[in-house]
Amino acid sequence: GAGVSQSPRYKVAKRGQDVALRCDPISGHVSLFWYQQALGQGPEFLTYFQNEAQLDKSGLPSDRFFAERPEGSVSTLKIQRTQQEDSAVYLCASSLVTGEQYFGPGTRLTVT
Amino acid sequence: AQSVTQLGSHVSVSEGALVLLRCNYSSSVPPYLFWYVQYPNQGLQLLLKYTTGATLVKGINGFEAEFKKSETSFHLTKPSAHMSDAAEYFCAVSDRGSGNTPLVFGKGTRLSVIA
């Protein structure tokens, strides 16, 4: 079946622009995670949803970052007024309640 | 808070040689431990995981890892490296007694395989 998909795969934004990154989880997966992976680093947790409820957003680096999952399926990570330090790969993962996390291919964001 | 340390940001082995990628963790509760592989421009793929039970865990592509509580380690091994094993490998820990919680990753080890 289809895996986790993310769009766009690549995004170039000028500093100060707003961006929206989309994640389509595996159908039926209750949990959805967002991670940020800087160049040469491991992924770092941003936020976590169970269905439409955002249970943990402790990893969001600033109030410019906002995530939503209004219908418990597709999720959007929004970054307002992008800064150069926001340049990274943004990974989405989904899972069943008791299962392992399946990762999408990521969105590479470059802020110029 | 948990943390993961991967010793060696880059490991190079000859084709057919033993692969050993090191991972040490810290966790205040019994950990769930994972190894993921990442190929260029792709997401992470789960190689194997330890939750409870048998401490020697076998995964895909001939990889295995052993959970050693006394050493707080979860090293990844493969008896014979193949060219297709060249990739970035990440060790991760989950601390809340469930596999379905945010993961804490190490910084990764890049594996090169020399013909």
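Letters go in sequence order (proteins before strands), and every chain restarts at 1. All values reported here derive from a predicted model rather than from experimental measurement.
A:P105 is not listed as a side-chain neighbour of B:N41, based on a closest heavy-atom distance of 4.5 Å or more. Counting only heavy atoms from C-beta outward, the side chains of B:F90 and A:Q37 approach each other to under 4.5 Å. No side-chain heavy atom of B:Q42 sits less than 4.5 Å from a side-chain heavy atom of A:F103.
By the criterion of side-chain heavy atoms lying less than 4.5 angstrom apart, applied directly or through intervening Ile, Leu, Val, Met, Phe, Trp or Tyr residues, A:Y48 is not grouped with A:L21; the two fall into different hydrophobic clusters. Grouping the Ile, Leu, Val, Met, Phe, Trp and Tyr side chains by contacts below 4.5 angstrom, directly or via other members, places B:F67 with B:V19. Under a hydrophobic clustering in which Ile, Leu, Val, Met, Phe, Trp and Tyr are joined whenever their side-chain heavy atoms come within less than 4.5 Å, directly or via other members, A:L109 and A:W34 fall into the same cluster.
Residue A:Y35 touches chain B through its side chain alone, counting heavy-atom pairs closer than 4.5 Å. Of the two parts of B:Q38, only the side chain, counted from C-beta on, holds a non-hydrogen atom closer than 4.5 Å to a non-hydrogen atom of chain A. For A:Q6, no part lies near chain B; criterion is any non-hydrogen pair under 4.5 Å. With a 4.5 Å cut-off on non-hydrogen atoms, B:L46 touches chain A through its side chain but not through its backbone. Heavy atoms of B:K49 lying under 4.5 Å from chain A belong exclusively to its side chain.
Counting heavy-atom neighbours within 6.0 Å of A:E71 CD, excluding the residue itself, gives a total of 12 or less. In B:Y50, the OH atom is crowded: over 12 heavy atoms of neighbouring residues, nucleotides or ligands sit closer than 6.0 Å. Within 6.0 Å of the CD atom in A:Q54, the count of heavy atoms belonging to other residues, nucleotides or ligands exceeds 12. Other residues, nucleotides and ligands place more than 12 heavy atoms under 6.0 Å from the CZ atom of A:R64. Around CD1 of B:I60, the count of heavy atoms belonging to other residues, nucleotides or ligands within 6.0 Å exceeds 12.
B:F105 and A:F45 have their aromatic ring centers separated by at least 6.0 angstrom.
If you tally non-hydrogen atom pairs under 4.5 Å between each of A:A38, A:P43, A:G106, A:G42 and chain B, the highest count goes to A:P43.
When every heavy atom of A:Q101 is checked against every heavy atom of B:T101, the shortest pair comes out as NE2-O, 2.9 Å.
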